[in-house]
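Chain identifiers are assigned alphabetically (A, B, ...) following the order of the sequence lines, protein sequences preceding nucleic acid strands; residue numbering begins at 1 within each chain. Predicted model, so just to flag it, every value in this text is computed and none were measured.
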Number of protein chains: 2
Amino acid sequence: MTSASGARAAELTRELEASVGYVLRRAQLAVFADFIASQSGAVVRPGQFAVLLVIGMHAGLTQNQLCEALAIKRANLVAMLDEFESLGFVRRVPCSRDGRAKRLHLSTAGAKVLSQAVDAQKRHEARITAALGAIGRRQLIDLLNRLRTLPAS
Amino acid sequence: MTSASGARAAELTRELEASVGYVLRRAQLAVFADFIASQSGAVVRPGQFAVLLVIGMHAGLTQNQLCEALAIKRANLVAMLDEFESLGFVRRVPCSRDGRAKRLHLSTAGAKVLSQAVDAQKRHEARITAALGAIGRRQLIDLLNRLRTLPAS
DNA sequence: TATTGTTATACTCTATAACTATA
DNA sequence: TATAGTTATAGAGTATAACAATA
């Protein structure tokens, strides 16, 4: 145990710095902040970016498919789509084959916003590559993907 | 662009899987879920664990020092410490040298809860090491630490 | 019966402004 | 004046239960 007198911030977290969860969380916050800072004009948050990108790349997918792909709850997608629809970025189109489902499409305005966000994201990823190197970036993604399938307990 | 008909979840996120931010977030959620699942008895969330651990390892540090170390807002620490105090885990002791500050200490009960949480965290980290290997784990932490200092813009 | 989208709700995490008491 | 802790508040993110319409 260390005396608290004169303790500096870096010292206080020494034990936590060896914890994957802690370092992972701090890095994730920094990356998201950089993602936000990279935006110009209309600001799209990471979750919104993911939704717009998947709709843009897979026009006509249903809300349920989108939720399963991004691991978000159906109930939580509703408000985001309501906002995108009110901004004229996304259209919900009744599915002809299944009267319960709605297919999602980007409007021209939505495609433009997505395009700007993609440009910003490229600058953002370029800063990450500058920090890690291309090889380090690839290693990081591989290591993170291994964590996504941790045994349930 | 891919047809949405018959699209599977894994297909829909193909573009995002190359994004560090997306993979990082998904991994962070999985790691935190595993951290929670590793607990037995009293459940401590990751943020609570960090607070208890830093107090336990650096008894007598002030709330402000704790906040700077963990990058949390002073205002947001108050409720957590109120809860810990009401549970008898933490004591706030007026600082003799600075009448504004309060020094933090774990009670015996708090130390016991922390000890159990540390045991759980060791099992949690062991699962991570099993998934990544010791070398992969070290590489991951190094790569993540480089992301924590991304240029502001 | 089961599923899709929806509503309502609640809890956690985070952020800002303003207050108080001290320095 | 500046700082430490606090209060109040608001915005995101996430989770569950229940409902209507449809399968």
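Boundaries of the chain B contact region on DNA chain D are D:dA2 to D:dT14, first to last in 5' to 3' order (nucleotide atom under 4.0 Å from a heavy atom).
From A:Asp34, atom CG reaches atom CZ of B:Arg148 across 15.0 Å, with rounding to the nearest 0.5 Å. Rounded to the nearest 0.5 angstrom, A:Met57 CE and A:Leu106 CG are separated by 11.0 Å. Rounded to the nearest 0.5 Å, atoms OG1 (A:Thr129) and CZ (A:Arg127) are 11.0 Å apart. Taking CD from A:Gln48 and CG from A:Leu81, the interatomic distance works out to 10.5 Å, rounded to the nearest 0.5 Å.
Regarding A:Arg92, its CZ atom lies at a distance of 16 Å from the P atom of C:dT4, rounded to whole Å. B:Asn64 places its CG atom 15 Å from the C1' atom of C:dA21, with the value rounded to the nearest Å. The distance between atom NZ of B:Lys73 and atom P of C:dA15, rounded to the nearest whole Å, is 5 Å. If you measure from atom CZ of A:Arg45 to atom P of C:dC13, you get 19 Å, rounded to the nearest angstrom. Note: CZ (B:Arg97) to C1' (C:dT22) measures 16 Å, nearest angstrom. A:Lys102 has its NZ atom 14 Å from the C1' atom of C:dT3, to the nearest Å. Rounded to an integer number of Å, the gap from A:Glu85 CD to C:dG5 P is 13 Å.
Side-chain N/O atoms of A:Arg103 include none lying less than 4.0 angstrom from OP1 or OP2 on C:dT4.
Of the residues in residues 75-84 of chain A, those lying under 4.0 Å from DNA chain C by heavy-atom distance are A:Ala75, A:Val78.
Considering only residues two or more places apart in sequence or on other chains, B:Ala109 meets the side chain to side chain contact (heavy atoms under 4.5 Å, CB included) condition with B:Phe89, B:Ser107.
Nearest-nucleotide positions on DNA chain D for B:Arg74 and B:Leu29 put B:Arg74 closer to the 5' end.
Set against C:dT6, C:dA15, C:dT3, the side chain of A:Arg100 has C:dT3 as its closest nucleotide. In this structure, the nucleotide among C:dT22, C:dG5, C:dT14 sitting nearest to the side chain of A:Ala101 is C:dG5.
A salt bridge does not link A:Arg123 with A:Asp119: every distance from a Lys NZ or Arg NE/NH1/NH2 to an Asp or Glu carboxylate oxygen is 4.0 Å or more.
Listed by first and then second residue, the ring-ring contact (aromatic ring centres under 6.0 Å, His included) pairs that reach into residues 118-148 of chain B are B:Phe35-B:His124, sequence neighbours excluded. Sorted by first and then second residue, the side-chain hydrogen bond (donor to acceptor under 3.5 Å, both in side chains) pairs involving residues 74-83 of chain A (not counting sequence neighbours) are A:Asp82-A:Arg92.
The main-chain N or O of B:Ile141 is found under 3.5 Å from a side-chain atom of B:Asn145 such that the two form a donor-acceptor pair.
Note that the two end axes of the helix from C:dT1-D:dA23 to C:dA23-D:dT1 enclose an angle of 0°, each drawn from 5 base pairs, rounded to 10 degrees.
With a 4.5 Å cut-off on side-chain heavy atoms, B:Gln65 and A:Glu11 do not count as touching.
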Subject >> Full working for side-chain contact (heavy atoms from CB on, under 4.5 Å) between B:Leu140 and A:Leu147 >> reply: CA-CA 11 Å; B:Leu140 175 63; A:Leu147 292 180; 3.6 Å; yes

